[in-house]
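Contents: one structure, followed by commentary.
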Amino acid sequence: MARHLITSALPYINGIKHLGNLVGSQLPADLYARYLRGRGHEVMFICATDEHGTPAELAAAKTGEPVAEYCRRMHAEQSKLAEGFGLSFDHYGRSSSPQNHRLTQHFAGRLDAAGLIREVSEKQVYSNEDGRFLPDRYIEGTCPNCGYEKARGDQCENCTKQLDPTDLIDPRSAISGSTDLEVRETKHLFLRQSAMRDRIAEWIDSKTDWPVLTTSIAKKWLFDGDGLQDRGITRDLDWGVPVQKGDQAWPGMEGKVFYVWFDAPIEYIGATAEWAEAQGGDWERWWRTDKGAEDVTYTQFMGKDNVPFHTLGFPVTIMGSGEPWKLVDYIKSFNYLTYDGGQFSTSQGRGVFMDDALDLLPADYWRWWLLSHAPESGDSEFTWENFQQSVNKDLADVLGNFVSRVTKFCRSKFGEAVPDGAAWGDAERELASAITRRVRAYEAQMDRMEIRKAAAELRAIWVLGNEYLQAAAPWATFKEDPDRAAMQVRLGLNLIGLYAVLSAPFLPFTAARLREAMNSSAAWPDDVDAALTALPPGHAFTVPDNLFAKITDDQRDEWSERFSGVRG
RNA sequence: GGGCCUGUAGCUCAAUGGUCAGAGCAGGGCGCUCAUAACGCCUUGGUUGGGGGUUCAAGUCCCUCCGGGCCUACCA
């Protein structure tokens, strides 16, 4: 039994996430966590909401709530949706937790002691009317290059030229529209990532088995241009972790908070500490290699936009602390899911969001489609037609109908108990060995986190059941040799029990229904032959209702129309 | 501008430089009747974006052109 620490990139608190966000981190992380638990390993699966930063403050201002209250409410909402999708976090924390405050301040203190923090005085735009400093992209104005009137302070979207906010003609606040702006001097802390460049580069170089997507992004940031740059880790905001060195004040930094990208990854640790406090466990044995974490395998899941923070910033924090914190062992990164030819868009309400999805269909439909089409090698596209076809075929026809035909046939000929009868023949032994090969391949793909390939193997295992049934034809056998038909049906029923276990990482809700209907165990089929005889003659079961209703053409058309843009 | 990824069957995707480039879906034919008009078997379909090169051998390596996507450090 191994110990696995799994973290999913933290979803930002600002609003409900869409399916692209879901498939990029939380869902595959859940798949892996469920699989490893199924194999009997000890798993700590951590996620949390990322609650700090300007967008959270603005979103709260918009609803008129204090930001802390807004975050509390949105956290509850995201938790509920996570539960609805069956995301099996051991703890779903909050980056605003006291645990994270303490840890973030602790790391900052350690980094400062190691000489990895420097103070920088810089000029930033302050909006008098908004009463806050404005991040570059919250300043709008006319582009000096092309004359576009809605250029942002960091870049003009029209001509793609990189800008400095002070370049803008007629600058104004993107928040209030106020032109009462001034440039003020402000002091910030910078993390000296440049000083750690060689160490990080060496570390990345040693990760030859990581996805190319992960290492290529890391190397780009390490070596492009002048190489890895130092980054500001503080902001002039109210909402966040106050800047301190451990529990000591940080002279000159009063009223400032740490920047989200600094405190957010630390919340992986913070959330584990939250878990410990809530459950009464020991979080350090997951995170401190001097306190029991030396045998932990740590895997992170994230979308490609998060890779720089996890390959550079967070490791600099961890390594730079000089303390024996657990460093990530494998970073599984994903491309984007696109929606019907374009991007999912939160602002335009384009695409399907987590709450919409659960209103439409049970979670397992979404889980199956998203995971079996995970954007691993490139961006992948969601279309309603593809979704309808895949789900109807894979879930309703291949898996659902298999369960239906076996259980209903048994009920009509033998009743709702596993029938006694003849012993296995060649066909059954061949099936068992074919399934064994497939199960071992499935495990291998899951171990490698090859998600689409794992889904294909699982589907192939379902197909084997239909092939067997077709060849064995118990409905025909029954007429001349009921004893043999009973054996064939018994094997079919046992296949359902096996499918429940194997499918659980992808389809946890369906798997639970199957286990309940079959009264079968959740034990992983290390020995497939044994698993296929686990339900003995006389074992009672019930015929489940059809597992998956098909998506009709009318539904598909209606949904396609409804989610094309402008969310109501 | 620079960098990275990507282009393979109608669609979605596979293929450590090594048999005839494979699956699933869709299409066509046949079979079955237990089952959600489901299942099974067979089958059509590719000049691997174009061109050039290296090699005994290229989807795979190199060059070039064309198309798509992403990143480029103050959104997170």
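Everything quoted here is computed from the prediction, not taken from an experiment.
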Collect all protein-nucleotide pairs involving nucleotides 29-32 of chain B in which both atoms are nitrogen or oxygen and the distance is under 3.5 Å.
residue : atom : partner : partner atom : Å
B:rG31  : N2   : A:Q470  : NE2          : 3.1

Open item on the list: Do A:S95 and A:N100 pair up side chain to side chain, a donor and an acceptor below 3.5 Å, judged on atom types alone?
Closed with: no
Task: Nearest-nucleotide pick for A:N401, side chain only, options being B:rU12, B:rC74, B:rA35 - done: B:rA35
Open item on the list: Mind checking if A:Q124 touches a base, just sugar-phosphate, or nothing, with heavy atoms under 4.0 Å?
Closed with: base
TODO: Identify whether any heavy atom of A:P474 sits under 4.0 Å from a base atom; if not, whether one sits that close to sugar-phosphate; answer base, sugar-phosphate or nothing.
DONE: nothing
Task: A:E376 with A:K332: basic N within carboxylate O range, under 4.0 Å - done: yes
Task: A:T49 and A:E51 side chains, donor-acceptor separation under 3.5 Å - done: yes
Task: Atom P, compared across B:rU43 and B:rC25: separation rounded to whole Å - done: 15 Å
Task: Polar contact flag, side-chain donor to acceptor under 3.5 angstrom, A:S380-A:H373 - done: no
- [ ] Kindly indicate whether the side chain of A:E122 and the base of B:rC74 share any N or O donor-acceptor pair separated by less than 3.5 Å?
- [x] yes
TODO: Let me know, please, whether A:V406 or A:E467 comes out on the 5' side of the other along RNA chain B by nearest nucleotide.
DONE: A:V406
- [ ] Determine whether the side chains of A:S333 and A:T214 contain a donor N or O and an acceptor N or O closer than 3.5 Å.
- [x] yes
Under-3.5 Å N/O pairs linking protein and nucleotides 59-61 of chain B:
none

Open item on the list: For A:F301 and A:F334, take the angle between the two ring planes, folded into 0 to 90°, and tell me which bin it lands in: parallel under 30, tilted 30 to 60, perpendicular over 60.
Closed with: parallel
Open item on the list: Heavy atoms only, 4.0 Å cut-off, all strands: where does A:E51 land among base, sugar-phosphate and nothing?
Closed with: nothing
Task: Dot-bracket encoding of pairs in RNA chain B, which uses [ ] for pseudoknotted crossings and | for another strand, Watson-Crick or G-U under 3.5 angstrom - done: (((((((..((((....[...)))).(((((.......))))).....(((((..]....))))))))))))....
Task: B:rA9 and B:rG50, which share atom name P, separated by this distance in whole Å - done: 11 Å
Open item on the list: Under 4.0 Å, counting only non-hydrogen atoms across every strand here, what does A:S377 touch: a base, just sugar-phosphate, or nothing?
Closed with: sugar-phosphate
Open item on the list: Using a 4.0 Å heavy-atom cut-off, does A:V125 contact any base of the nucleic acid, only the sugar-phosphate backbone, or nothing at all?
Closed with: nothing
Open item on the list: Starting the side chain at C-beta, find the nucleotide from B:rC34, B:rC75, B:rC70 nearest to A:K304.
Closed with: B:rC70
TODO: For the pair A:R440 and A:D447, find out whether any cationic side-chain nitrogen is under 4.0 Å from an anionic carboxylate oxygen.
DONE: no
Strictly under 3.5 Å: I want the nitrogen or oxygen pairs between protein and nucleotides 66-68 of chain B, one per line.
none

TODO: Please work out which of the three classes, parallel, tilted or perpendicular, describes the rings of A:Y339 and A:F382, given edges at 30° and 60°.
DONE: parallel
Open item on the list: What's A:F309 touching, base or sugar-phosphate or nothing? Going by heavy atoms closer than 4.0 Å.
Closed with: base
TODO: Enumerate the residue pairs fulfilling salt bridge (Lys or Arg N to Asp or Glu O under 4.0 Å) with a member in residues 389-405 of chain A, sequence neighbours excluded, ordered by first and then second residue.
DONE: A:D394-A:R459, A:D397-A:K550
- [ ] Classify the angle between the aromatic ring planes of A:W475 and A:F409 as parallel (below 30°), tilted (30 to 60°) or perpendicular (above 60°).
- [x] perpendicular
TODO: Kindly indicate whether a cation-pi arrangement holds for A:K17 with A:F353, taking the cut-offs as under 6.0 Å to the six-membered ring centre and within 45° of the axis.
DONE: no
TODO: May I ask you to say what A:Q389 touches in the nucleic acid, namely base, sugar-phosphate or nothing, with a heavy-atom cut-off under 4.0 Å?
DONE: sugar-phosphate
TODO: Could you check whether A:F548 gets within reach of a base, just the sugar-phosphate, or nothing at all, counting any heavy atom under 4.0 Å?
DONE: base
- [ ] Taking only heavy atoms on the protein side, list every residue of residues 391-399 of chain A lying under 4.0 Å from any atom of RNA chain B, sorted numerically.
- [x] A:K393, A:A396, A:D397
Open item on the list: Looking at A:D205 and A:K219, is there a salt bridge between them, counting it only when a charged N and a carboxylate O are closer than 4.0 Å?
Closed with: yes
Open item on the list: Checking side-chain polar atoms at under 3.5 Å, does A:S127 have a donor or acceptor matched by the opposite partner on A:D130?
Closed with: yes
Open item on the list: Students often get this wrong, so: under 4.0 angstrom with heavy atoms, is A:S390 touching a base, only sugar-phosphate, or nothing?
Closed with: nothing
Open item on the list: Less than 3.5 Å apart, any donor N or O on the side chain of A:Q124 or A:E122 sitting next to an acceptor on the other?
Closed with: yes
TODO: Can you tell me, in whole Å, how much space there is between the C1' of B:rG40 and that of B:rG24?
DONE: 16 Å
TODO: Could you verify whether a donor N or O on one side chain and an acceptor N or O on the other, from A:W239 and A:T54, lie under 3.5 Å apart?
DONE: no
Task: Residues A:R452 and A:E450 bridged, charged N to O under 4.0 Å - done: no
- [ ] Would you classify A:D305 as touching base, sugar-phosphate or nothing, given that sugar-phosphate means primed atoms plus P, OP1 and OP2, and contacts are heavy atoms under 4.0 Å?
- [x] base
- [ ] May I ask you to say what A:N546 touches in the nucleic acid, namely base, sugar-phosphate or nothing, with a heavy-atom cut-off under 4.0 Å?
- [x] base
TODO: Select base, sugar-phosphate, or nothing to describe what A:K453 touches, counting heavy atoms under 4.0 Å on all strands.
DONE: sugar-phosphate
Open item on the list: Using a strict threshold of under 4.0 Å (side-chain N to carboxylate O), is an ion pair present between A:D236 and A:R132?
Closed with: no
TODO: Just call it for A:I217: base, sugar-phosphate, or nothing, with non-hydrogen atoms closer than 4.0 Å on any strand.
DONE: nothing
TODO: Please work out if A:G313 contacts a base, only the sugar-phosphate, or nothing of the nucleic acid, heavy-atom cut-off 4.0 Å.
DONE: nothing
